[in-house]
Amino acid sequence: MAEVEVARDGAVQTITLNRPDKLNAFTLGVHEDLQAALEEARDPAVRAVVITGAGRGFSAGQDLTAFGESGDVAAMLRATYHVNVLAIRSLEKPVLAAVNGVCAGAGLSLACACDIRLASDAAFFVPGFVGIGLIPDSGGSFFIQRLLGTPRAFEWMTSNRRLTAAEAHAWGLVSEVVEADAFAARVTERAAELAAAPTRAIAMTKRLFDEAATSTLEEQLEREAEAQAEAARTDDFREGVAAFGEKRAPEFRGR
Ligand code: LHQ
């Protein structure tokens, strides 16, 4: 079995981290396969991406038994986690983290690099890093600070406290918690909704929000104007306005 499985259902690509015995902890092989899967997700026919885990884990982060694969930690991070986190952010379509179970360390960072997080009620969230004397890497210090705000992010990431799915929802870390039995069906439904959305507008919204983190209002207004001009040239905009006039649901094609 591959350590990362890729499946396509219509316009949805599902990427499953697949080392269930090790809670889908990351090895070099997992990084390489994830990189290939994210490259495949650039296909314009893919309009929504789901990242999830096999078994009872989403991911427990770095495989601590494979830590010795490279002596140079910074170089290892740059060559592996950084590439995949940046690939998720630059993907011009929504990426949904379907957090089916345990989510820790760089697995938590990866989930937080995604655009939307849905959690099973069987999931729980653990910083991990501080438990072994490390700092939140793989974008953890960036995304978790933005999602939770500095006081809460700092308190949590320095405590290593387990957060239940319900607590993660109350904090805004995940947008929805679903009973474990109904989780797969809900993920399929949510991913299909995203894949049927106006993909170009969603991609531009994703980029605008990322840029807003470091922009002035003036810069952002200008970016919005340029992006809106582009969105207004899409077939999906024409379809949206036509459907509105005809009092029917729009059929967006992602172009
Ligand atoms: C694991 C792991 C794991 C290997 C569970 N590795 N086997 C760091 C270093 C440098 C550069 C790159 O970046 C990073 C980033 C990081 O991600 S650092 C943080 C690494 N992650 C952790 O420290 C979490 C370690 N794991 C845990 O604390 C627990 O396993 C959690 C809280 C995630 C889950 O606890 P349980 O539900 O009680 O499961 P378990 O501990 O029994 O784990 C099940 C199996 O998975 C077990 O194997 P075994 O053969 O005994 O059944 C674990 O050894 C294995 N496993 N995490 N990261």
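Order of listing sets the numbers, starting from 1, for every ligand and every atom in it. Heavy-atom basis, side chains included; hydrogens, waters and symmetry copies ignored.
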Residue D21 vicinity, atoms of ligand 1 by number, heavy atom under 4.0 Å = 45 (C), 46 (O)
ask   = Atom CG in L134, atom CE in M157: separation rounded to 0.5 Å?
value = 11.0 Å
query = With atoms numbered from 1 as shown, which atoms in ligand 1 lie under 4.0 angstrom from a non-hydrogen atom of L134?
reply = 8 (C), 9 (C)
Side-chain (D63) to main-chain (F26) donor-acceptor, under 3.5 angstrom = no
query = Does A25 approach ligand 1 within less than 4.0 angstrom via side chain, backbone, both or neither, non-hydrogen atoms only?
reply = side chain
key: Salt bridge flag under 4.0 Å for residues R89 and D115   = yes
task = Using non-hydrogen atoms of the residue, decide whether F26 is closer than 4.0 angstrom to ligand 1.
result = no
request  = Examine R146 relative to F142 and say whether NZ or CZ is less than 6.0 Å from the centre of the six-membered ring and inside a 45° cone about the ring axis.
outcome  = yes
note = Filtering V102, L64, D137, D63 for the heavy atom nearest atom 33 (C) of ligand 1 leaves V102
inquiry  = Check for me whether T80 has a heavy atom closer than 4.0 Å to any atom of ligand 1.
reply    = no
note = The protein heavy atom nearest to atom 43 (O) of ligand 1 is L23 CD1, 3.5 Å
ask   = Is it true that a side-chain atom of R200 and a backbone atom of A231 form a donor plus acceptor pair closer than 3.5 Å?
value = no
inquiry  = Assess whether a salt bridge exists between E230 and R233, defined as any Lys/Arg side-chain N lying under 4.0 Å from an Asp/Glu carboxylate O.
reply    = no
task = Would you mind running through ligand 1 and noting each atom that sits below 4.0 Å from a heavy atom of R162?
result = 32 (C), 35 (O), 38 (O)
Main-chain N/O of T199 paired with K93 side-chain donor or acceptor, under 3.5 Å = no
task = Answer yes or no: does an N/O atom from A60 fall short of 3.5 Å to an N/O atom of ligand 1?
result = yes
key: S138, G105, G140, G101: member with heavy atom nearest to atom 19 (C) of ligand 1   = G105
query = G61 heavy atoms, cut-off 4.0 Å: which ligand 1 atoms fall inside?
reply = 17 (O)
request  = Please indicate whether any nitrogen or oxygen in T65 is less than 3.5 Å from any nitrogen or oxygen in ligand 1.
outcome  = no
ask   = Could you walk me through whether R253 and D235 pass the salt bridge (charged side-chain N to carboxylate O under 4.0 Å, His left out) check?
value = CA-CA 8 Å; R253 304 204 179 282; D235 290 349; over 6 Å; no
